[in-house]
Engineer: 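Just passing along the structure, written as structure tokens.
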There are 2 protein chains.
Amino acid sequence: MQGKDTDRGIKPFLWFTLYELLNLGAGAGSVKISTTEFSSSLGCSQQSASRHLRLLEQGGLVSRSVSAGGSLIRITEEGLRTLNDVYVGLKDLLEGGEAETYAFEGKVFGGLHEGAYYLCQGDYREQIAEKLGFDPYPGTLNLRLDAADLEKRRKLELMPALQLRGFKDEERAFGSARCYPALINDEVEGALIVAERTTYDLSVMEIISPIYLRDRFNLEDGDIVRVSISSPQRSSP
Amino acid sequence: MQGKDTDRGIKPFLWFTLYELLNLGAGAGSVKISTTEFSSSLGCSQQSASRHLRLLEQGGLVSRSVSAGGSLIRITEEGLRTLNDVYVGLKDLLEGGEAETYAFEGKVFGGLHEGAYYLCQGDYREQIAEKLGFDPYPGTLNLRLDAADLEKRRKLELMPALQLRGFKDEERAFGSARCYPALINDEVEGALIVAERTTYDLSVMEIISPIYLRDRFNLEDGDIVRVSISSPQRSSP
DNA sequence: ATTACTAGCTGTCGAGTAA
DNA sequence: TTTACTCGACAGCTAGTAA
């Protein structure tokens, strides 16, 4: 495997266009701007600005609602992650990157056991084994976060993650997912797994692990479990 | 004036090539790598890698010594600044940029009064008036930093600065310079001024100000003066 | 006023190849 | 082995213009 971690899957010139949109405030919320105005802040022609925006939209990095008098533009979660990847890389390389640790405490709750189904699908299981280095117990532990942790959770959302590809079988399609290697209760290895492209409730964390965590820690619904994630996912030295 | 602060004067695709060089460790010191190896880590052809390196060298962003068996490559100070500019921008926009303050304490020393000569040149004086908002006293205050402050000084060196263009008159050419607005002894406005393209001793800081600082603070050689620089130089909102 | 298509230009790419 | 030239192909740019 020689996969490029730094592969952002975006053309350099489009990355800088996205960066300029962030500069104009399209990261925090929608921004109304015309292609003409945007082209001048970008230092190119109106036509190029228009084309860049279309390409970014196609790539799922911004969302737009085109209307007369300027369009409403907003950088998507994926767009922010694309920008943040470079940020994390630079931080690491320029500041001498101390690996931050994100620690969460969540309450165990029932969940719908959907996770178990996905994990039984051979393809996910293989990818997890390959990328995380363990064979997952066929089920997820669902944790609910306190509202106070949501801001931290949002930041984590932007951090680089290991990607699990989506796939199809005869019956249905499975979306791709991201996962973050984690330490559960400071003892057991596992991972936070986040389904892609779902407007998932950020207060819910699905944890996988090679072992059955409810047994291992004698967990009942409502118990508190600690999840520590260290970031960034370092590339090879 | 509608000058783009974000104008890095570098093509997007070259920026990412520079970023990849940083990834390979060419920021901390020279790195030996062949264009073929580099092209594979860049994900492009050997010809493009070679061309990119030549363009970066022409632009003064990397220095090279081409030799058989791979060239020695190192990112220059200006190259690091180009990367750092984007880093600072992202930090500001993604993390909600608290403006850091760099504070230095330096010992007054004589200096060669070269600075005074430059400041009398009309062009510099005009640019300072325009960009810093004051008419400089025709002379600089020279401070020598403690060795302990040098690391901080090096970091400041990478921060975005106001640019003073170089120029020529009939007799000679004057190089360009960077300056950082500063507060002197927490009371008087002024600026740190750094001549470009000189392998300047980082332990020396040249301070300009609208008034004669030696009188204002009753300074003798060896006295301690405090210089506070807040960064980044925020762009217009 | 917008956004975006078409046409033609320029710059960027990479295979071949020289040094 | 290197690095870097030439040159054909095409991606990205802008001016003009349509919708």
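Every chain is numbered from 1, with letters handed out A, B, ... down the list of sequences.
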Engineer: So is A:Lys155 actually on top of A:Tyr102's ring, under 6.0 Å and inside 45° of the axis?
Structural biologist: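 Pair A:Lys155/A:Tyr102 does not count as cation-pi.
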Engineer: Please determine whether a side-chain nitrogen or oxygen atom of A:Arg64 lies at a distance below 4.0 Å from atom OP1 or OP2 of C:dA4.
Structural biologist: yes
Engineer: Let me check something: any side-chain donor-acceptor pairs from residues 58-66 of chain B under 3.5 Å, sequence neighbours excluded? List them with distances.
Structural biologist:
from    : atom 1 : to      : atom 2 : distance (Å)
B:Arg64 : NE     : B:Glu57 : OE1    : 3.2
B:Arg64 : NH2    : B:Glu57 : OE1    : 3.0

Engineer: Expressed in angstrom and rounded to an integer, what is the separation of B:Ile73 atom CD1 from D:dT3 atom C1'?
Structural biologist: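 Distance check: B:Ile73 CD1 to D:dT3 C1' gives 11 Å.
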Engineer: For D:dT3, does OP1 or OP2 lie under 4.0 Å from any side-chain N or O of B:Ser71?
Structural biologist: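 The answer is yes; a side-chain N or O of B:Ser71 sits under 4.0 Å from OP1 or OP2.
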Engineer: Take nucleotides 12-19 of chain D nucleotide by nucleotide from the 5' end and write B, S or -, depending on whether a protein heavy atom sits under 4.0 Å from the base, only from the sugar-phosphate, or from neither.
Structural biologist: SBBBB---
Engineer: Whole-Å distance between C:dT3 P and A:Lys32 NZ?
Structural biologist: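 My rounded result for the distance is 9 Å.
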Engineer: Under 4.0 Å, heavy atoms only, any strand: does B:Ser34 hit a base, just the sugar-phosphate, or nothing?
Structural biologist: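 Sugar-phosphate only.
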Engineer: Take the protein atom CD of A:Glu57 and the nucleotide atom C1' of C:dA4, then report the distance between them rounded to whole Å.
Structural biologist: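 The distance from CD of A:Glu57 to C1' of C:dA4 comes to 13 Å, rounded to the nearest Å.
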Engineer: Taking CZ from B:Phe38 and P from D:dT1, how many angstroms apart are they, rounded to a whole number?
Structural biologist: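 In whole Å, D:dT1 P lies 21 Å from B:Phe38 CZ.
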Engineer: Filter on ring pair (Phe, Tyr, Trp, His ring centres under 6.0 Å), then keep only pairs touching residues 46-89 of chain B, sequence neighbours left out; what's left?
Structural biologist: A:Tyr87-B:Tyr87, B:Phe13-B:His52
Engineer: Phosphate oxygens OP1/OP2 of C:dA4: is one of them under 4.0 Å from a side-chain N or O of A:Ser50?
Structural biologist: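 Yes, A:Ser50 has a side-chain N/O under 4.0 Å of OP1/OP2 on C:dA4.
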Engineer: What integer distance in Å separates A:Ile33:CD1 from C:dA1:P?
Structural biologist: 17 Å
Engineer: Can you see whether A:Glu206 engages A:Thr140 through a side-chain donor-acceptor pair at a distance of less than 3.5 angstrom?
Structural biologist: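 The criterion, which ignores hydrogens and geometry beyond distance, is satisfied for A:Thr140 and A:Glu206.
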Engineer: To the nearest 10°, give me the bend of the helix from C:dT2-D:dA19 to C:dA19-D:dT2, comparing the axes of its five terminal pairs at either end.
Structural biologist: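 Helix axis angle between the two ends: 40°.
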Engineer: Tell me yes or no: between the side chains of A:Ser48 and A:Ser45, is some donor less than 3.5 Å from an acceptor?
Structural biologist: yes
Engineer: Just how far, in rounded Å, is P of C:dT12 from CD1 of B:Ile10?
Structural biologist: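 Taking atom P of C:dT12 as the reference, CD1 of B:Ile10 is at 12 Å.
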Engineer: Any chance CZ of B:Arg125 has more than 12 other-residue heavy atoms, nucleotides or ligands included, within less than 6.0 Å?
Structural biologist: no
Engineer: How long is the line joining CG of B:Leu53 and P of C:dC13, in whole Å?
Structural biologist: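 Answer to the nearest Å: 12 Å.
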Engineer: Checking B:Ser30 now: which residues fulfil side-chain hydrogen bond (donor to acceptor under 3.5 Å, both in side chains) with it, not counting sequence neighbours?
Structural biologist: none
Engineer: Nearest whole angstrom, please: distance from the P of D:dT3 to the CG of B:Leu56.
Structural biologist: 15 Å
Engineer: List for me each residue that meets salt bridge (charged side-chain N to carboxylate O under 4.0 Å, His left out) alongside A:Arg178, sequence neighbours excluded, and say none if there are none.
Structural biologist: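 Scan of A:Arg178 (salt bridge (charged side-chain N to carboxylate O under 4.0 Å, His left out), adjacent residues dropped) gives A:Glu157, A:Glu196.
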Engineer: Does one side chain, of B:Thr17 or B:Glu20, offer a donor that lies under 3.5 Å from an acceptor on the other?
Structural biologist: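 Looking only at side-chain atoms, B:Glu20 and B:Thr17 do not form any donor-acceptor pair under 3.5 Å.
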Engineer: Taking only side-chain N and O atoms of A:Thr35, does any of them lie within less than 4.0 angstrom of OP1 or OP2 on C:dT3?
Structural biologist: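 Yes, A:Thr35 has a side-chain N/O under 4.0 Å of OP1/OP2 on C:dT3.
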